[in-house]
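Report on the structure given below.
No experiment lies behind these values; they were computed from the predicted model shown. Every chain is numbered from 1 and lettered A, B, ... according to where its sequence line falls, protein lines coming before strand lines.
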There are 2 protein chains.
Amino acid sequence: MDQLRETLKVHHLRTTTCREDVLSTFINRKNALSHGDLEGELGENYDRVTIYRTLKTFLEKGIIHKVLDDEGLRYALCSHSCSEEKHQHDHIHFKCSACGETNCLENLHIPAVQLPDGYHPEHFNLLIQGVCPKCN
Amino acid sequence: MDQLRETLKVHHLRTTTCREDVLSTFINRKNALSHGDLEGELGENYDRVTIYRTLKTFLEKGIIHKVLDDEGLRYALCSHSCSEEKHQHDHIHFKCSACGETNCLENLHIPAVQLPDGYHPEHFNLLIQGVCPKCN
DNA sequence: TTCGAACTTGCAACGGGGTTGCAGAATATT
DNA sequence: AATATTCTGCAACCCCGTTGCAAGTTCGAA
């Protein structure tokens, strides 16, 4: 899959096996992943520090974005419209209390909120917790 | 202020100076606080572990609730309608990127979201980041 | 008011999450 | 193939949060 190398090249990153593996893990498992998830999957091959740094690099380059959670941080692939300069993440995250998976609902946008005067919103982050279709 | 003792009593907690101080800190500073904030304010008087345990106890009793953040957890006072059994937290949290404060917008409710079939939402958590009126 | 059971605190120790410095290895470029 | 640049692994470290246990405190009953 040279798709991976292409993605890295677009973001001016050297292709290394660690970056390819992390990226393909995000692509294969479609849900949001924590560092621990990645370490569980790739930890035998790469040092934890390298995985941390890969996540940080991907964040800075706009390849992944943070997903808030009531217990620790997760990361998910950005949609194609994201870049280092500009992120677009007004979609909703759904965390299933049964299976524990967190997924982006890419098609759903966060509804507009009427804030009081003086508030200047920049980023929106909506986490919905409940039961997902798979666990229903 | 026997208001504090009263609150603790209602939740079947013994009145200790640490609990009174933590509670009054939440009441005085009105914004969401992290453990670090409390340790900064009360750390000379109480052990960090005691503050952690106080927060955990208050959480369990429904006196405070978690506030999501992209960098670490915070806590804020629950409205009066919360109890150990039932929490009601569909209000919005606003984090100011200038002063760093996070506040509950108690009067604003999270707008309804039309989820795809099969999703059963239970809790909603909306964090808006931007600039608050004070820093405007 | 004293006493005892139940609860709370402080201390020490621990585990996990995440970061930094640095030397050696891998990558891209000529 | 040689070089500058970047990336990785290792060691060490700090911060967050938890647990076990002994000593101290609270509160209600006698």
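- Between the side chain of A:D37 and the backbone N or O of A:S34 there is at least one donor-acceptor pair closer than 3.5 Å.
- One atom, CD1 of B:I51, and another, P of C:dT9, lie 10 Å apart when rounded to the nearest Å.
- Using bins of under 30°, 30° to 60° and over 60° for the plane-to-plane angle, the ring pair B:H35/B:Y52 lands in the parallel bin.
- Heavy atoms of other residues, nucleotides or ligands lying less than 6.0 angstrom from CD of A:Q114 number 12 at most.
- Rounding to whole angstrom units, OH of residue B:Y52 and C1' of C:dG10 are separated by 15 Å.
- For B:Y46 and D:dG17, the OH to C1' distance is 21 Å, given to the nearest whole Å.
- Minimum atom distance to the side chain of A:K56 is reached by C:dT20, of the listed C:dT20, D:dC27, D:dG17.
- Nucleotide C:dG24 holds its P atom 17 Å from the CG atom of A:D47, rounded to whole Å.
- Nearest nucleotide to the B:R14 side chain, out of D:dC7, D:dA11, D:dT26: D:dT26.
- Ranking C:dT20, C:dA13, D:dC7 by closeness to the A:T16 side chain, first place goes to D:dC7.
- Atom CG of A:N107 is surrounded by 12 or fewer heavy atoms from other residues, nucleotides or ligands within 6.0 Å.
- With DNA chain D read from its 5' end, the first of the two nearest nucleotides for A:T17 and B:E39 is the one closest to A:T17.
- Taking only side-chain atoms of A:V49, from C-beta outward, the nucleotide of D:dC10, D:dG17, C:dG18 with the closest atom is D:dC10.
- Whole-Å rounding puts the B:L38 CG to C:dT9 P distance at 14 Å.
- Using a 4.0 Å heavy-atom criterion, one finds that A:R53 contacts the bases of the nucleic acid, with or without backbone contacts as well.
- Residue-level contact check: A:T57 touches neither bases nor backbone, having no heavy atom under 4.0 Å from any strand.
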